[in-house]
Amino acid sequence: MRAELEGDSLLRKVRLILGAFDTGAPVLGLSELARRTELAKTTVHRVATEMVGVGLLNRHGRRYELGSLLFELGQRAPRTRALRLIAARYLEDLALTTRETVVLAFPGDHDVLFVEKYFSQRGGGVAVTEVEGRVPFHCGASGKALLAFGAEEIRAAVMASPLRRRTRWTITDPARLEAELEQVRRQGYAVDRQELVAGYAAVAAPVFADGVAVATLTVVGPAERLDVRKLAPVVGAAGRALTRDVAPVKG
């Protein structure tokens, strides 16, 4: 457990606690929260109690979950809300055209966030439901597109951190990842070759705002039937069209 720093603010501790939850662990006890945040149990208990009081967390006995206030606040973020609404028709169109699962992903502080999913009848959403709502940037097409075209500080942080393996195809060497990102920039889209989920591949195109990738449109399907040469132009065109639609929206 890391030693708590004198300068650690209440807001930083709140952020650590909120970040401890994910789709694989939506409800956490005090001990697990302390382990994930590397904060003392007494600190977690004190801060979590305050968070329950203002609606950021719900408490069930000795276990906690994220409060509905967070969802309400998230819906008020202008650019995020507008992008999700505008992207809905592109998700549907891509799913109907490709007959595969389509995902809208946003960059988080440390991970890629899968915020909208459209499950086609053929795709069934199997690949998406096998992963959490957030995944590492270096794993998968969405993350590589966001690293290649996104904020420099995110790319620098990822490159400075261990690249953990998700499958035997995951890129874990920084030099190889950087070479892959250069290729993504040249071709304008990213490809996942079973790097996130074994047996599944993906093609992702960036969505830009002010010249920086703020989201991706990603088509996911079984590796044996996902034809990158056919999908890349379709996904790329959808990404460019969504970028044009989002351009008038200012955060």
Provide the closest heavy-atom pair for [X] versus [Y] in the form atom of the first, atom of the second, distance.
{"X": "Tyr118", "Y": "Ala95", "result": "CD2-CB, 3.3 Å"}
{"X": "Lys41", "Y": "Ser31", "result": "NZ-OG, 3.2 Å"}
{"X": "Ala145", "Y": "Val184", "result": "CA-CG1, 4.3 Å"}
{"X": "Pro107", "Y": "Ile154", "result": "CB-CD1, 4.2 Å"}
{"X": "Ala202", "Y": "Ala141", "result": "O-CB, 3.8 Å"}
{"X": "Thr243", "Y": "Pro206", "result": "OG1-O, 4.1 Å"}

Give the C-alpha distance, both sets of side-chain angles, the deciding distance and a yes or no for side-chain contact (heavy atoms from CB on, under 4.5 Å) between Tyr189 and Val228.
-> CA-CA 10 Å; Tyr189 62 88; Val228 174; 4.0 Å; yes
If you measure from [atom1] on [X] to [atom2] on [Y], what distance do you get to the nearest 0.5 Å?
{"X": "Leu66", "Y": "Asn58", "atom1": "CG", "atom2": "CG", "value": "8.5 Å"}
{"X": "His45", "Y": "Glu50", "atom1": "NE2", "atom2": "CD", "value": "11.5 Å"}
{"X": "Arg155", "Y": "Phe137", "atom1": "CZ", "atom2": "CZ", "value": "11.0 Å"}
{"X": "Glu65", "Y": "Leu57", "atom1": "CD", "atom2": "CG", "value": "9.0 Å"}
{"X": "Leu242", "Y": "Leu91", "atom1": "CG", "atom2": "CG", "value": "8.5 Å"}
{"X": "Leu147", "Y": "Arg185", "atom1": "CG", "atom2": "CZ", "value": "8.5 Å"}

With side-chain contact (heavy atoms from CB on, under 4.5 Å) as the test, would you mind laying out the steps for Val246 and Phe208 before giving the verdict?
-> CA-CA 8 Å; Val246 170; Phe208 293 95; over 6 Å; no
Hey, does [Y] have a side-chain heavy atom less than 4.5 Å from the side chain of [X]?
{"X": "Leu163", "Y": "Arg176", "value": "no"}
{"X": "Val220", "Y": "Phe114", "value": "no"}
{"X": "Thr98", "Y": "Lys230", "value": "no"}
{"X": "Ile17", "Y": "Tyr64", "value": "no"}
{"X": "Leu33", "Y": "Phe21", "value": "yes"}
{"X": "Asp192", "Y": "Trp169", "value": "no"}

Main chain of [Y], side chain of [X]: is a donor-acceptor contact present, judged purely on distance under 3.5 Å?
{"X": "Thr167", "Y": "Gln194", "value": "yes"}
{"X": "His138", "Y": "Arg164", "value": "yes"}
{"X": "Arg166", "Y": "Leu196", "value": "no"}
{"X": "Ser142", "Y": "Thr216", "value": "no"}
{"X": "Lys144", "Y": "Val191", "value": "yes"}

Test of understanding: clusters of I, L, V, M, F, W, Y form through side-chain heavy atoms closer than 4.5 Å, transitively. Do [X] and [Y] belong to the same one?
{"X": "Leu217", "Y": "Leu96", "value": "no"}
{"X": "Val207", "Y": "Tyr90", "value": "yes"}
{"X": "Phe106", "Y": "Phe149", "value": "no"}
{"X": "Met51", "Y": "Leu10", "value": "yes"}
{"X": "Val235", "Y": "Ile86", "value": "yes"}

Pair Leu18-Val14, side-chain contact (heavy atoms from CB on, under 4.5 Å): steps then yes or no = CA-CA 6 Å; Leu18 293 176; Val14 168; 4.0 Å; yes
Return yes if a side-chain donor-acceptor contact under 3.5 Å exists between Lys117 and Thr101, otherwise no.
-> no
Does Arg193 come within less than 4.0 Å of Glu180, counting only side-chain N to carboxylate O?
-> yes
Which of these passes side chain to side chain contact (heavy atoms under 4.5 Å, CB included) with Leu94: Val102, Val103, Thr218?
->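 Among Val102, Val103, Thr218, the one meeting side chain to side chain contact (heavy atoms under 4.5 Å, CB included) with Leu94 is Val102.
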Evaluation steps, salt bridge (Lys or Arg N to Asp or Glu O under 4.0 Å), between Arg225 and Glu100 | CA-CA 10 Å; Arg225 75 171 181 233; Glu100 302 292 356; 2.5 Å; yes
Tell me, with the steps shown, if Arg35 and Glu32 meet salt bridge (Lys or Arg N to Asp or Glu O under 4.0 Å).
-> CA-CA 5 Å; Arg35 186 187 71 79; Glu32 182 62 13; 2.6 Å; yes
